[in-house]
Amino acid sequence: MQTTLSQALHTPRLIVRMIEEDDLPELFQVFSDAAVTRFLPYITWEDTLAAHSWYQRVKEMAAQAAAMQCVIVDKASNKVIGSCLLFRFDADSERAELGYALAQSHWGGGYMGEAIRALLNHAFGEMGINRIEAEVDPRNPASAQLLKKLGFVQEGLLRQRWKFKGEIKDTWMFGLLRDEWQAANLPG
Ligand SMILES: CC(C)(COP(=O)(O)OP(=O)(O)OC[C@H]1O[C@@H](n2cnc3c(N)ncnc32)[C@H](O)[C@@H]1OP(=O)(O)O)[C@@H](O)C(=O)NCCC(=O)NCCS
């Protein structure tokens, strides 16, 4: 099972590629918005120090093959408009978890679905992943709806799974299997 993106992924409007340090100023526009980070286990970035310490952690996790952090680039503007990642890799079980965040300026335009479709094709294909999980806060209907449209199954509610940002949070567990993805996305 691979844990890196061997090549940039192209969709009609987007490029999904591995993060670089130079992406941090544009990613700052995404993660400094409290509406974007509301349900993410990260602080809202208030300064470049927050961005650089996050990037250090990304590099450490990449070095341990524990996470594959990508950015989403809008081809029209050539700007980074979001982030998507695979993490919590389990090589024996061929499993990973999916995370994503999009700049609020681009919500509602189907961008994240377009990016994640490309990532899932690659993950279930070349990367050799069999199961992808995603956790969603029950108060985040846009994220749940996005996953359902991609074919994820809402498998169960994990009660009081997380404590962060001063809250105890339930989480919906979503899962998608390679067989399901390939059956629903046969070429032609
Ligand atoms: C979740 C997120 C990536 C969705 O991306 P997006 O490209 O804006 O997705 P869309 O706006 O096309 O919405 C996806 C679906 O949710 C629906 N939706 C959006 N907001 C909704 C709301 N408040 N209530 C119910 N449904 C909603 C949309 O109608 C759409 O469904 P449709 O295609 O059937 O019409 C984006 O909102 C985001 O980055 N949020 C902040 C970060 C985050 O929460 N990440 C996920 C952590 S699990």
Side-chain angles (χ1 to χ4, degrees), residues 9-17 19 23-24 26-46 50-51 54 57-58 61 67-77 79-89 95-123 129 131-176 181 184-185:
L9 308 176
H10 289 256
T11 74
R13 295 179 295 175
L14 304 169
I15 298 170
V16 177
R17 60 161 172 78
I19 191 170
D23 295 324
L24 288 179
E26 285 168 13
L27 263 188
F28 191 85
Q29 304 301 318
V30 181
F31 289 123
S32 62
D33 179 350
V36 171
T37 59
R38 168 78 181 89
F39 298 115
L40 303 180
Y42 313 139
I43 55 160
T44 309
W45 293 358
E46 288 184 350
W54 175 85
R57 284 200 307 281
V58 164
M61 286 197 291
M68 182 183 97
Q69 176 66 56
C70 300
V71 290
I72 301 168
V73 179
D74 174 27
K75 284 181 181 172
S77 61
K79 296 256 187 269
V80 172
I81 57 165
S83 140
C84 56
L85 80 157
L86 291 171
F87 65 116
R88 296 207 182 108
F89 289 111
R95 189 180 69 230
E97 186 167 333
L98 171 68
Y100 42 80
L102 188 68
Q104 196 175 165
S105 54
H106 285 71
W107 288 3
Y111 287 96
M112 192 53 84
E114 189 172 322
I116 299 301
R117 238 167 229 293
L119 187 62
L120 292 176
N121 272 332
H122 192 73
I129 296 175
R131 172 182 162 87
I132 296 185
E133 300 179 340
E135 293 191 19
V136 177
D137 189 303
R139 297 165 297 177
N140 191 355
S143 183
Q145 180 64 14
L146 174 76
L147 292 171
K148 287 179 193 166
K149 280 188 82 176
L150 288 164
F152 278 77
V153 174
Q154 193 166 355
E155 296 176 332
L157 182 72
L158 309 183
R159 297 167 306 147
Q160 300 192 4
R161 176 150 167 77
W162 296 105
K163 281 187 186 182
F164 59 83
K165 297 183 178 170
E167 291 179 326
I168 302 177
K169 297 161 195 282
D170 294 345
T171 190
W172 280 113
M173 175 63 79
F174 285 80
L176 180 63
W181 177 257
N185 296 279

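In this chain, residues are counted from 1 in sequence order. Since we're looking at a predicted model, the values are computed, not measured. Both counts, for ligands and for their atoms, begin at 1 and track the order of listing.
- Less than 4.0 angstrom separates some heavy atom of Asn140 from each of these atoms of ligand 1: 43 (C), 44 (O), 46 (C), 47 (C).
- In terms of N/O distances under 3.5 Å, ligand 1 is not approached by Val36.
- Listed by number with element, the atoms of ligand 1 under 4.0 Å from a non-hydrogen atom of Gly108 are 6 (P), 8 (O), 10 (P), 11 (O), 12 (O).
- Here the straight-line distance linking atom CD of Gln160 with atom CD of Glu167 works out to 12.0 Å at 0.5 Å rounding.
- Close contacts of ligand 1 with Pro141, meaning ligand atoms under 4.0 Å from a residue heavy atom, involve 22 (C), 23 (N), 24 (N), 25 (C).
- Taking the charged nitrogens against the carboxylate oxygens, Arg131 and Glu155 do have a contact shorter than 4.0 Å, which makes a salt bridge.
- At a threshold of 4.5 Å between non-hydrogen side-chain atoms, the residues Val36 and Trp107 count as touching.
- Heavy-atom contacts of Met112 reach the following atoms of ligand 1: 3 (C), 5 (O), 7 (O) (cutoff under 4.0 Å).
- Two residues are said to be in side-chain contact when any heavy atoms from C-beta on lie closer than 4.5 Å; Asp137 and Trp162 fail this criterion.
- For a threshold of 3.5 Å applied to N or O pairs, the pair formed by Ala101 and ligand 1 contains no separation below that value.
- Residue Tyr100 has at least one N or O atom closer than 3.5 Å to an N or O atom of ligand 1.
- Close approach of ligand 1 to Glu135 is summarised as follows: ligand atoms under 4.0 Å from at least one heavy atom of the residue are 48 (S).
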